[in-house]
There are 2 protein chains.
Amino acid sequence: MWMDERKEKVLQAIIEDYVSTAEPVGSRTLARKYRLGVSPATIRNEMADLEVQGYLEQPHTSAGRIPADKGYRYYVDTLMEDHEATPDEQNRIAQVFDRRLTEVDHLLRETARLLAETTHYSALVVGPRVGRTAIKGVRLVPLEEGRALLVLVTEGGFVEDQVVDMPVEVTMMELQRISGVLNEVLRGRTVISLSRDALAALHHELDRYRSLLSQTLDFLDQSEAPEGDRVFVGGASRMLAQPEFRNVEKVKRLMDLLEEEQVVHDILGAAGRGEPRVAITIGEEIHYREMTDCSLVTATYRVGEETIGRIGVLGPKRMEYAKVVSLVDNVTQRLSEKLSRGT
Amino acid sequence: MWMDERKEKVLQAIIEDYVSTAEPVGSRTLARKYRLGVSPATIRNEMADLEVQGYLEQPHTSAGRIPADKGYRYYVDTLMEDHEATPDEQNRIAQVFDRRLTEVDHLLRETARLLAETTHYSALVVGPRVGRTAIKGVRLVPLEEGRALLVLVTEGGFVEDQVVDMPVEVTMMELQRISGVLNEVLRGRTVISLSRDALAALHHELDRYRSLLSQTLDFLDQSEAPEGDRVFVGGASRMLAQPEFRNVEKVKRLMDLLEEEQVVHDILGAAGRGEPRVAITIGEEIHYREMTDCSLVTATYRVGEETIGRIGVLGPKRMEYAKVVSLVDNVTQRLSEKLSRGT
DNA sequence: TGTTAGCACTCAGCGACAGAGAGTGCTAAC
DNA sequence: GTTAGCACTCTCTGTCGCTGAGTGCTAACA
């Protein structure tokens, strides 16, 4: 739906004022603080129109207006201006990504912390599916009777591993052979890209070690088990600083949700599917009742060509969208880069 | 300090009532709810005495009494009765520890979650120092030019690893030799138990690979870097359910602290040093101003003989001590057992 | 026809105030 | 040493009225 220029200006002013004050904004304040060039009375008329059209709402008759979901939506889609990360923020980000980290988990935890710190909201990160990252090499390290460590080196030089069982009688030679076969089949590809033929070949070749193979593939795939995805939440307590969560019961319900990995996973997964870069999900668009006062800014990070994980910032609907979008975008780029280039 | 029997009964009743209601308790209520066999007036006299002696305090003149830190201390040291975990709780615990887990981190995260769930308070866990666990075996797995994966199998069959740099020109043979030497020196011992001689021998033998060796020892030791210790917090949001934290700003300050690993580490480290089994730290005894309304029940878990990590439950001072103590004790035993016996 | 000044009206928020209720300490009697 | 009785204290709750910010409507103006 279209909107004439003055209405846009009014809407923009209301949103920006409300974002910074968290108080309903009235026509008089608006006229005083923003140079709209018209009188409060005129603004009142515009506001009444905007309310009828669903862009604004009024907490009660004698209060000012606050933006409705539709208003925020129009703002982020049309009115919001681009925003560059400040040198300070850029430094802070560089600091994290220039460090030498070989554990993906550690990197992601730091990413969550970084996003929370720079945005002052909460940050959510879902770890990558191993099955979606290209594999550089596989090693099978014998540990002790009946167990081995399956070590995976992924694209960026990151290491993932898991203990697997194997028949006790497997010899070193056999282990070498198995690991050779796995290497041959997997090197340079992602598990999900494996053709049926390749898998069949693998099964044929390694039929004797069926249990070991299936554990390996489970580890690589993990697609059936979303709980297998590692979830990192940074700065959950930031929510407590927001005036919309002055109510303890309300904020408790939210924090409880954020402690459930499954939920965080869902939220990030549902938000902004297939969006180009950064996606914004506002209020009721997040399908959790506890989050109707929140918005979510999400993005997808990749390794090479493959989509592998998601990161997001959760804040009040009354969020500094432009700033958050720029930070999320920035961090996503850096993270993808680091995961591709390595260490 | 000693206390006559009736005073003890009064103190006990007040604490137990306050624990369950979070309201100051008056003489009349006390006489009605607990069979103390004396009139409110008598109880009032006892309460006045207890207040003078510092066991109780009065929020304001016309309110009942609440326990002071000293009162809680007397209670947990003298009055508290033992408590057994219920079958339900026992089941819940068994469920976690009977699962097959090969990653220490995963196990500890689950432990934190479990403690939080069963106690309904927040749980803190500090991961073990690798340097304090006995080592069953070491492997060095070549990854790619200049990097190797150092794999450690600890006492209980748990696996820890870290990427280390090495000179590019190291051959497979040499790697085997290094790993052989490491194995010989380390197997069956803890790093901190290594004698100067053993270390010197190691340095002598592996002088050519000095950087690799020092990285290895750093990884094993980590004693300089407490941030290296992994910290897990479970159910931080449980605090929000406590009436003493109805105030958002207050609870925010607490939650902010709990997000800092260093702080959690400090708290657990300071509490109950050298106590036999479960230690209780009350109010001001925790040296953080934000936690003066909290108590902490901590214990140390071990692998074999070695003390290696700590776990604790953080709740309001008004905590169900007996229940928490039994749960912490129970979980500590199970955890130690699992870490010693393995997987 | 769009804009603005003026005005009556609405309603949350705040402070003052009074009454209820829970609890205390003191005194005197048992 | 214990208890009943009583005056007193102080928080909590609800009511009331005022204030101020904000609105919508109307009528005048450009």
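Every chain is numbered from 1, with letters handed out A, B, ... down the list of sequences.
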Reported [atom1]-to-[atom2] distance for the pair [X] and [Y], which is rounded to 0.5 angstrom:
{"X": "A:L56", "Y": "A:M47", "atom1": "CG", "atom2": "CE", "value": "6.5 Å"}
{"X": "A:L254", "Y": "A:E259", "atom1": "CG", "atom2": "CD", "value": "11.0 Å"}
{"X": "A:E320", "Y": "A:L327", "atom1": "CD", "atom2": "CG", "value": "10.0 Å"}
{"X": "B:E290", "Y": "B:L257", "atom1": "CD", "atom2": "CG", "value": "4.5 Å"}
{"X": "A:I14", "Y": "A:Y55", "atom1": "CD1", "atom2": "OH", "value": "13.0 Å"}
{"X": "A:R246", "Y": "B:E249", "atom1": "CZ", "atom2": "CD", "value": "8.0 Å"}

Rounded distance in Å - CD1 (A:I43) to P (C:dT3): 12 Å
Residue A:R73 excluded, over 12 heavy atoms near CZ under 6.0 Å: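 Yes, enclosed.
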Within the distance-only criterion (no hydrogens, no angle test), does the side chain of [X] pair as donor or acceptor with the backbone N or O of [Y] below 3.5 angstrom?
{"X": "B:S20", "Y": "B:D17", "answer": "yes"}
{"X": "A:N330", "Y": "A:A85", "answer": "no"}
{"X": "B:S122", "Y": "B:G235", "answer": "yes"}
{"X": "A:K70", "Y": "A:Q53", "answer": "yes"}

Residue-level proximity of residues 31-38 of chain A to DNA chain C when a heavy atom falls under 4.0 Å: A:V38
Donor on one side chain, acceptor on other, A:Q12 and A:E16, under 3.5 Å: yes
Electrostatic pair B:E244-B:K317, nearest N-O below 4.0 angstrom: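 Result for this pair is no, no salt bridge flagged.
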Basic-acidic side-chain contact under 4.0 Å: B:D88, B:R92: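 Here B:D88 does not pair with B:R92 in a salt bridge, since their nearest N and O are not under 4.0 Å apart.
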Bracket string, DNA chain C, 5' to 3' - pairs by Watson-Crick or G-U geometry under 3.5 Å, | interstrand: ||||||||||||||||||||||||||||||
Contact interval (first through last nucleotide) of DNA chain D with protein chain A, 4.0 Å heavy-atom: D:dA21 to D:dG24
Sugar-phosphate, base or nothing in reach of A:A41, heavy atoms under 4.0 Å: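 Base, at least one base atom sits under 4.0 Å.
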Under 3.5 Å, which N/O atoms of the protein pair with N/O atoms of nucleotides 11-14 of chain C?
from	atom 1	to	atom 2	distance (Å)
C:dC11	O4'	A:S62	OG	3.0
C:dC11	O2	A:S62	OG	3.0

Distance below 4.0 Å between B:R44 side-chain N/O and C:dA22 OP1 or OP2: no
Stretch residues 13-28 of chain B: residues that reach within less than 4.0 Å of DNA chain D through a heavy atom: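 Per residue number, the list is empty: none.
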Test salt bridge (charged side-chain N to carboxylate O under 4.0 Å, His left out) applied to A:E51 - qualifying residues, sequence neighbours left out: A:R65
